[in-house]
2 protein chains.
Amino acid sequence: MNVTGHTRRPASIRDVATAAGVSYQTVSRVINGHPSVKPTTRDRVLAAIDELGFRRNATALALASGRTRAVTVLTANTTHYGYASILRGVEEAARAASYAVGIGVLESADETAVAAEVQRAADAGGGLIVIAYDPAGVAALGAVPAELPVVGVVETPASPPGGDRPWVWADDREAAYQATRHLLALGHETVHYVAIPSSTRRTSARTAGWRQALREAGAPEPRPVQSSWGPAGGHAAGLRLAKDPAVTAILCGNDDLALGVLRALHESGRSVPGEVSVAGFDDAPHSAYLTPSLTTVRLDFTGLGRAAFALLHGVLEEAVQVAPHPVSEPELVVRESSGPPPGGVQRRPPA
Amino acid sequence: MNVTGHTRRPASIRDVATAAGVSYQTVSRVINGHPSVKPTTRDRVLAAIDELGFRRNATALALASGRTRAVTVLTANTTHYGYASILRGVEEAARAASYAVGIGVLESADETAVAAEVQRAADAGGGLIVIAYDPAGVAALGAVPAELPVVGVVETPASPPGGDRPWVWADDREAAYQATRHLLALGHETVHYVAIPSSTRRTSARTAGWRQALREAGAPEPRPVQSSWGPAGGHAAGLRLAKDPAVTAILCGNDDLALGVLRALHESGRSVPGEVSVAGFDDAPHSAYLTPSLTTVRLDFTGLGRAAFALLHGVLEEAVQVAPHPVSEPELVVRESSGPPPGGVQRRPPA
DNA sequence: GCCCCCCATGTGACCGGTCACAATCCTGGC
DNA sequence: GCCAGGATTGTGACCGGTCACATGGGGGGC
């Protein structure tokens, strides 16, 4: 097996063919599992493949056949828990299907920057998965040329800006609805909301679910506090909300925001959950270990990533079309950060 | 610009050549910036390129020239802060150099699984960056065939198992040393250490730095508590350490472990930093917002990723070799979780 | 005015696979 | 024993670029 010392270039199908005493086309048939190859011949070819350590050149395959077996994930953020988990899900599914996974980061939502990044992803060949939870992602999804196979991971199911592209989504609306109902059921008069940046100018799914729960309960609807993605934004928002003694329950657009809010409440001397209840969103790994541990809604991001890949895989190989949303339901996880409002129940919990 | 409705395949250099009335080779020269092309001709070609929306086919380029302009990052984990940040740094630098970035996840340290993943990465063409902080990563680095260009992101600089491969590293030893000295300087008799899983059977760099600081101070050297990567491991370790009233200072292998330790101390009724001081490692984004906020050592993971790419880039293109460790020094960040031991200073702080 | 050389451009082969089609072998039916 | 037809195998062209070399034209040195 490669006894000669000097680096030689890897064996091609013609090398294998020579070694096995057949034509290159026969080798091609063997590696593609074509049925009409005599067993004897096949064995000889396989032996030669083994001996030369032959591996099919993916580049040549892609050029000759057009099949690329690659996916590029376009995302605005790789360190954030939700995004990273989606990426992980994609990678998992892609690995199982022996697809290569590429990644492109959308540094800004600027139109030309986004277009450049989409181009770069397109150049890589294969399919695209765009995480369109934020303005940059939404812009990217919109900028994908029509002929490119793409799947969006979107916030709202109703026809996203990307048009008729296939998509997957987690039911953020339902998740926010559940979390809000939980807080209301504890007896809070209303629930304030610290929002992550919206992906579109329209109301986000999370905001919508929160509002729906308030409305159904006949609770007052405070203005949502627009914030950022990270704990710093939550901290700033939390400081503002802490000043208002009427605030007894806060829902946050994600767990990082909730962390910042918790910190702000602590600094303002308001106890959680004694005076104020806080709920997050996503169930990031650290949320269970905070003090107080964080009530939140768990979303199956990994499953979402897997689903996105499955869908794209179906598009690329015209195999069985996967059902568009096989992702598990959001699950409310009640921990220490939520409890009844101070001074007992202020309004009747719903029957 | 592509007025016809039906999807047509993208323009090739021959299409451009025909449109510009030159040969395909001239087009090739223009897109490669070859000097000897008459300006008039160049302009005509550029116009044709623009009109047809020509983009050079990366696959064909790779096949014909061997240059791939791609990096694959092999890592055991994508959601963990440090890993994700390294990946981000690589992506950033790669984008600037217009390289494509691929990602492969090492699901287990099992030899055949690792070998398969390395093969997959090799098939993608281009260079490899292996994050070798853990057994799976170390195994992967070792399994990379000699002829493949690879850079390791390693824990300890001294000849890693990968042999003479180029590598980058953050000075974990120095970082642990600083953190430990900080705690000792506050007056703690000694510092306990909750360790992340070691990448090799040998003592990790972080453990070594911690031990060195203890030794220099003549402090007792407790056995390090072996743990995992996540908060759950830190929690378990913290519960054990909390039982021992002699424990007044704990250094953790990363911020997630520290989070678990903080939680365990809280559950055990021991106040931080009143009774016990805790320090972490990495300065993850949430650490500043914990209650108490976490004293930790900031490491420039993003810079590490950028450096890894720069090094690989040098190897791939035989450009100027980059200095092997241009990564910034670790920086101690003192926050609320560390303070003097209960009952005042128990030993003299070093002069 | 001639020759040499460089500038500008074109031609053919090749990278390592695939595809479409042709050519051979072998077998059964009559 | 002859022929049709499926099973095997081989040949040439092609994917979209690059590389090595050939070719035609114009300017400077003499």
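Chain letters run A, B, ... following the sequence lines, proteins first, then strands; residues in each count from 1. Values below: every heavy atom of this structure, side chains too, minus hydrogens, waters and symmetry copies.
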Quick one, [X] and [Y] - any side-chain contact, counting heavy atoms below 4.5 Å?
X: Thr78(B); Y: Ile103(B); value: yes
X: Arg88(A); Y: Val105(B); value: yes
X: Val153(A); Y: Trp169(A); value: no

Regarding [X], tell me which of base, sugar-phosphate or nothing describes its non-hydrogen contacts under 4.0 Å with the strands shown.
X: Leu61(B); answer: sugar-phosphate
X: Arg14(A); answer: base
X: Arg29(B); answer: base
X: Ile13(A); answer: base

### Task
Have a look at Leu312(B) and tell me which of Val90(B), Ile129(B), Leu128(B), Val168(B) forms a side-chain contact (heavy atoms from CB on, under 4.5 Å) with it.
Ile129(B)

### Query
Between the main-chain N or O of His34(B) and the side-chain N or O of Asn32(B), is there a donor-acceptor pair closer than 3.5 Å?
no

### Message
Are Tyr99(B) and Phe309(B), when compared by the centres of their aromatic rings, separated by less than 6.0 Å?
### Response
yes

### Message
If I take atom CD1 from residue Ile31(A) and atom CD1 from residue Ile13(A), how far apart are they, to the nearest 0.5 angstrom?
### Response
6.0 Å

### Task
Verify whether one side chain among Asp300(B) and Thr302(B) offers a donor that lies under 3.5 Å from an acceptor in the other.
no

### Message
If we count only N and O atoms by modelled type, under 3.5 Å, do the side chains of Tyr83(A) and Asp134(A) hold a donor and an acceptor together?
### Response
yes

### Query
Of all nucleotides in DNA chain D with an atom under 4.0 Å from a non-hydrogen atom of chain A, which is the first and which the last going 5' to 3'?
dT8(D) to dG16(D)

### Interface with DNA chain C, restricted to residues 17-27 of chain B and to heavy atoms under 4.0 Å
Val22(B), Ser23(B), Tyr24(B), Gln25(B), Thr26(B)

### Task
Under 4.0 Å from any atom of DNA chain C, heavy atoms only: list the residues of residues 30-44 of chain B that qualify, in numerical order.
Ser36(B), Val37(B), Lys38(B), Thr41(B)

## Note on the structure
Ser12(B) and Phe54(B) have their tightest heavy-atom pair at C-CE1, 3.7 Å

